[in-house]
Each structure stands twice: as structure tokens, then as C-alpha cells.
Amino acid sequence: MSEEKKPLNFIEHIIEEDLVNGLTKDKLRFRFPPEPNGYLHIGHTKAIGISFGLGETYNAPVNLRFDDTNPAKEEQEYVDAIKRDIAWLGYQWENELYSSDYFQKLYDWALQMIKNSNAYVDSQSSEAMAVQKGTPTQVGTNSPYRIRSIEENLDLFQRMKAGEFPAGTHVLRAKIDMEDPNMLMRDPMMYRIMYAHHHRTGDDWCIYPMYDWTHGESDYLEQISHSLCSLEFKPHRKLYDWFKEHVYDYSKDQLPLAPKQREFARLNLSYTIMSKRKLLRLVEGGVVTGWDDPRMPTISGLRRRGYTPNSIRKFIEKVGVAKRENIIDVSLLEFCIREDLNKTANRVMAVLDPIKVVITNYPEDKEEWLEAENNQEDASAGFRKVPFSREIYIEKADFKEEPSAKFFRLQPGGEVRLKNAYIIKANSVVKNEKGEVIEVHCTYDEDTSKKVKGTLHWVSIKHAITAEIREYDRLFMHESPDSDKDKDFMEFINPNSLTVKTGYLEPSLAQAKIGEQFQFQRLGYFNVDTDSKSKTLVFNKTVGLRDSWDKQKPKPKNNQNQNKPKPQQERPAISLIQQFGKKYTNLPEEKQSKVKAEIQELAKNVSYDELEPLFGTAVKKVGTRIATLITLKVLLKNGLEHNDAISEFINKALEDKNELLVAEATTI
RNA sequence: UGGCCUAUGGUGUAACUGGUAACACAUCUGUUUUUGGUGCAGAAGAGUCUAGGUUCGAAACCUAGUGGGCCAACCA
């Protein structure tokens, strides 16, 4: 059904392999398991996209399972928000499920584990247990309670459940191996006592299962075939499998499929943070106005900012799936939203930083309603009328009294086209006492057929409506704000992440509805914010247009351009020679001689001590040996004395079967 | 004093399980254009972390080193 060879990611490879090895397609089943303790963010969309995406490509069900085993942190509000966000992204879950649905089953299995001597009740303090647990580099030691009898364990565990003990007095632990190099295998906790009200089970339970003793078992109960999670759960896999093997043993007749956990690298976006806890600090610290602040990387923030479900799904698709740590550049996200909006957003004219233009040969009381195309990318978008009159606004940046050569907007004596209207020519300017231009006086020409280089957007002053315009910049000035070991991410906050201004918009915008999206021509994409009132519209700038003019202007100081050439000068000549050598034999002849010349040039800066180690280069690395030889020749010419090492190296080269190498060696 | 994961252009992901590295974003040209947008055409940029090994042949397999990440919550 797909085009033959769309490359698969490693998870799809695993699935394909399982399918080949006997797993039938109808057994495929996935799940997305958020903890309802906060809002979903762009990082979650990767996990969502992977599991739900797999569901779509294999036509398999995907469960939405709330991992709600810690009543202290979880709330119904988050459940609702999560459902809303996933649905907004356009994904459909097969079943809405909760880990708490499985509390009884988990409890029954736990009793079974105790009966089989695979679990015991520990009655130490958490501190004592922490000490016994050891460290990553040091093995742990057994708890004194590890040898309790089955009967005693059963009795204690049942009384834990009955609420006979205060919180913190007992826990149930799996009996595995306190010396396992994987700390999660050192008798991990299965249950703790907790007198907290659960948003779904109320006060039915006072013991709650831990993540590890819940997650895999929930997967198993739901007969999930592939349980996908992020890399930090890799160490949990061993425990996941340990628990799984035991419960499988108890229930394989009813539940024949044993799920498989696999891990992928989570998403990181440059200039933003992804941790719920840190996001919460931004909200509580008043840095942003809430979880849905348009600067937030939350799904609700992106939605409010104007990102479409389509663009986000596209983004996730482009980001790919692998196992190495990554930081994705925001420009990819911006590309995705531009690509989407370019096709769907109607074009309008709005001036955000105005300067007045008076068209002196246009009658004072005249006005015209000119036709304007809504979206040239979409023929069905139709046309609208925009009013034209004697006095209009254009952007301040679109007029320059003393322009540079490449500037082709309005300038004294110059002509420019007004989008959807006439061609105007600037004749004179009016300045204030500070010498700043406050008005440009122009004359217009009704002949719109001639060619002029620049086209400006504009708005008729007397017809314009005003609106609050919110422009956003990145929230952090650091590419990876939460990865600095010494500095708190709050130190990197960009103080100018929000700019509010008043914009002058063409009157058709008066009817704009909340959420509606437009391209303000030549400026960017904007949507109507939820803060809008009927008379005062508020617009968010979703993203600017690509702007190749902007790039020509002098760069701001801390220009983060990552595309700088490699600092070749700083690399030692010998390493460059080595690099040239590697590709030497693969080069076409003419390029080869060029590279050879470069090597000879570089060789002047190489000392014998640097070169000698390369004599030992493996026989098969002919290129490197040739480069070494070329360099050696230069050194010899410059007075280097022959020695045994050199002679041996040359002799070996002469005996080689590679002609190039032999040729170089003979000329020495 | 350990275990596990990982390393491919600036960024991210590929490379049909060994045959000389592709795609997207970013960058830069040219062209079209009533958006310095879009579209179209094109360019530059890595020889796959390092060192060994296996092989006729390695980005891929093996070993070691180095760099990065994860692992000691009654969190998930």
C-alpha cells in the first residue's frame, strides 16, 4: 500500500521482523500512556506520533491509557486536557483506559508473587533501604526482612491493603537480586502505603502499585504488542521483562501475548525546555501567562500561537525516530507551519509600524474599493474589496531616504507598487523637529501595467481598524537552556520574548473570529487570540515569512549562525593532511593533483614528530599512506635527515600493489 | 569504581542487513512573481568519532579507546 521503499525507522524494522517471525498483523496493538499530572507538550507529540502513527500505518488499535498510580500528583483536569490535545492533533484512540482499572488484578497477581516467594514485605525505613540498595558502582545488600515466611508476607500485605498500617511503615518488594548491576533489579518496590484520594478510585485503596509493577502488566492486560517509550526507560526493560515473565506464567491461557518494550530518543527542541516541572516554574513564576501562553512549547500553547495539527504532525514525521540524543532546530517546526499556512491562510494587509503616505494627486474626498485576491495558492479562496484613499500607512521600514543599493522599496524619486492598487512615486518628505521623516508625499499613477521592482502592502488610514498585535521571540537565549550544569535555566530567559504593538488593519478583518488565521502580507502568519473582545481584536504572530532581505542587513551581535565554515586554520596541518589522505584514492585525477598541491603546502607546517606516527598506518589505508609520503617528500626536501623508520616506510610503499602509492614512492 | 544506550554534512533522519553515503531543514545561486513570500532550477557542504581487526570489499560486523546520554524518588 505504500510506495515500495519508504525507509523504515528502527521500530518499524522490529515490527516487520516480528511479523515475519509469526506475529500476525491483527495482534498489533499500541498504547500512549501519559501520567495525568500536567499538560502535554511538543515532546509528547513525538511519542503520540509514534504510537498513533504506527496504529495508522498498520491499521492497529491504539489505547489511550492514563498511568494514574500516584494519586498525590494526578488530577482530572489533566486527564481532560490531555484528551483534548490528542483529539485536536487528530488522533483517535481505541479505548480510554486507566492503570487504576487494573488495581485489583495487580493485587491478585501480587499475592501470587508472594506465594511463589517472588515478593516480600519490607518493614524498614526508606533511608535504610536506600543504603542497602548500594550505588551504580557498588552492589547492594539484602534486607533483613527478605527471608520472611510466605505466610507472614501474605498476612502483612493483606493488612497493608486493609489499612492497618500508617504510610511508610511497610512496602512490598520483588525478590530479585541485590547485587544486580542494574539497580532497578535490586528488589524493586511494588507497593507503597498511601492514604491519598485517587481521582478515580476514591478511597478504595490505600496501597498503590509502583510504575514498574503497573506499566508492563497494564500492557500485558491490554495485550499491547509493542510498548514504546523513551530512552530513559531502557534500564527498566530488564525489570519489565522479569515481571512480565511471572505474570505470563500465571495467565498465559487467557492472555497469550507478551508485550515487548522498545525505547526511542525523546525530542528536544532548540531554545526551549521540555520538562513539565520546569514548565510549571515558568507558569508559577509569572514568566508566561499560563500553560497555554503562545510562547510555551505545550500543545495548548502551540495551538493558541496558531500552529495547526497538520503542521505538528508533519514536524514529527520529519523529525524521525532513532536512539541518539538530539536537538532539533526550531527552524524545522517553523518550516512545517509555514508550509501548511501558505496553502490555507488568506492574505490580508496590515501595517504594524506605520509611516504616513499622502498621495497628493488623489482627491481628498475620493475613495475606491479595489479588488484583492484572498489567496493565490488557493483558487477557491475568492476575492475581497479593500478601500483606497488619499492617506495611507505603509511600514516605516519600507521607506528610506538614503537607501542602500539593494533596497528596492520606496525611496525619493522612486516608484513602487502598492499591492492590489496603484503605483506611487515619492516626491518629498515631511520631517519633525528631530529630523525624522513622518510623512512621505507621493503621486500615484493609474497605469498599473508597468514593471516596478518593489511591491508594498498598505492600509487606508481612515478605513483602518486597529488591533493589538503580539509578537513573540524565543523564550530562551540559550540553545539548550536546561542542559547547563552550572546555571539554572531561568537565567537564560529572554526578557524580550513578547512585543505588543498596535496594528492598523484593513477593515475586512473586523469580522475575524477567534482562532482564524491570516497571512499579513509580507509580514507573516497571524491568528486571532482568545483574548480578543468583540471590539478589540488581539492577534498572535504565529511565525514570520522567510525573509531573504532581512538576512542581507547587518547581523545582530550574537548571531547564532550555525552554518559557519569549519575553523580550518585552527586545525593542525597534520590532521588536515590525514583527512585529505583518506579520500585521496577516491578522487578524480584532476582533483587529486589539486589535493596533492594542498598537502604539499600544508606539509610546510608539519614537523617530523607529527608525521612519524603515521608511518604505522594500516596497510589498507593507502590514501593516508600516500598523503604521508607526499608530506615526507616535502620534509626531506627541506632538509630532513633520512633514518631507518623513513626508509622502512618508503620500502614498504614501493612493495605495495597500489600504483599511486608506488608512483609516489619511486619519485622520492 | 560498575551496567546499559549512543556516535553519519550546521541540524535531524536514511543507506534494501557488507559493494564507496541519500533525503529534509538550514545555507547560497539563478529564475518566476502585484508578497525580498510561494513555485521552479541549481550549488556548496560529510567520506560516516579514533585506532586496530575480519573481508576481495566496512558507515554497517568484532575489539579497544574517546565523547555524549541514562541508572541510587515509598515519581512516572
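Chain letters run A, B, ... following the sequence lines, proteins first and then strands; every chain starts at 1.
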Considering Watson-Crick and G-U wobble pairs with both distances under 3.5 Å, what does [N] pair with?
N      : value
B/rU27 : B/rA43
B/rC4  : B/rG69
B/rA22 : B/rU13
B/rU38 : none
B/rA60 : none

For the pair made of [atom1] in [X] and [atom2] in [N], what is the distance, rounded to whole Å?
X        : N      : atom1 : atom2 : value
A/Glu263 : B/rC4  : CD    : P     : 14 Å
A/Lys318 : B/rC25 : NZ    : C1'   : 8 Å
A/Lys234 : B/rA76 : NZ    : C1'   : 19 Å
A/Arg277 : B/rA73 : CZ    : P     : 14 Å
A/Glu377 : B/rU38 : CD    : P     : 10 Å
A/Ile328 : B/rG12 : CD1   : C1'   : 6 Å
A/Lys451 : B/rU35 : NZ    : P     : 10 Å
A/Gln519 : B/rG36 : CD    : P     : 10 Å

What's the closest nucleotide to the side chain of [X] if the choices are [options]?
X        : options                : result
A/Glu35  : B/rC70, B/rG36, B/rC75 : B/rC75
A/Met210 : B/rA76, B/rU38, B/rA14 : B/rA76
A/Pro181 : B/rG36, B/rG3, B/rU6   : B/rG3
A/Pro136 : B/rA72, B/rC70, B/rA76 : B/rA72

Does [N] have OP1 or OP2 sitting under 4.0 Å from an N or O in the side chain of [X]?
X        : N      : result
A/Arg192 : B/rC75 : yes
A/Arg546 : B/rG36 : no
A/His13  : B/rA15 : yes
A/Thr69  : B/rA76 : yes
A/Arg65  : B/rA76 : no

Pairwise [atom1] distance for [N] and [M], with rounding to whole Å:
N      : M      : atom1 : value
B/rC61 : B/rA43 : P     : 33 Å
B/rA60 : B/rA14 : C1'   : 13 Å
B/rG30 : B/rA15 : C1'   : 31 Å
B/rC23 : B/rA41 : P     : 13 Å
B/rG39 : B/rA59 : C1'   : 36 Å
B/rU11 : B/rU27 : C1'   : 12 Å
B/rG47 : B/rU66 : P     : 23 Å
B/rU29 : B/rG65 : P     : 48 Å

Answer with base, sugar-phosphate or nothing: what part of the nucleic acid does [X] contact at a heavy-atom distance below 4.0 Å?
X        : value
A/Lys419 : base
A/Ile327 : sugar-phosphate
A/Val171 : base
A/Tyr191 : nothing
A/Asn37  : nothing
A/Gln124 : base
A/Asn182 : nothing
A/Ser548 : sugar-phosphate
A/Phe335 : sugar-phosphate
A/Val321 : sugar-phosphate
A/Gln521 : base
A/Glu325 : sugar-phosphate
A/Leu545 : base
A/Arg347 : base

(request) Tell me yes or no: between the side chains of A/Gln124 and A/Ser143, is some donor less than 3.5 Å from an acceptor? (result) yes

(request) Return yes if a side-chain donor-acceptor contact under 3.5 Å exists between A/Ser227 and A/Arg31, otherwise no. (result) yes

Look at [X] together with [Y] and state whether they make a salt bridge at an N to O cut-off of under 4.0 Å.
X        : Y        : value
A/Asp219 : A/Arg65  : yes
A/Lys314 : A/Glu339 : yes
A/Arg200 : A/Glu74  : no

(message) Ring-plane angle category for A/Phe233 and A/Tyr211, please: parallel below 30°, perpendicular beyond 60°, tilted otherwise.
(response) tilted

(message) Is B/rG47 syn or anti, taking syn as a glycosidic angle within 90° of 0?
(response) syn

(message) Taking syn as a glycosidic torsion within 90° of 0 and anything else as anti, which one is B/rU54?
(response) anti

(message) Which is more 5' along RNA chain B, the nucleotide nearest A/Pro33 or the one nearest A/Phe408? Just name the residue.
(response) A/Phe408

(request) Find which nucleotide of RNA chain B each of A/His215 and A/Glu17 is nearest to by heavy atoms, and output the residue with the more 5' nucleotide. (result) A/Glu17

(message) So for A/Gln376 and B/rU38, does any side-chain atom that can act as donor or acceptor lie under 3.5 Å from a complementary atom in the base?
(response) no

(request) Report the residue from A/Arg347, A/Lys385, A/Arg384 that forms a salt bridge (Lys or Arg N to Asp or Glu O under 4.0 Å) with A/Glu506. (result) A/Arg384

(request) Please name the pair of heavy atoms, one in A/Asp187 and one in A/Ile176, separated by the smallest distance, quoted to 0.1 Å. (result) OD1-N, 2.8 Å

(message) For A/Asn326, is there any backbone N or O sitting under 3.5 Å from a side-chain donor or acceptor partner on A/Asn268?
(response) yes

(request) Could you tell me whether a side-chain N or O of A/Glu395 sits under 3.5 Å from a main-chain N or O of A/Asp353, the two making a donor and an acceptor? (result) yes

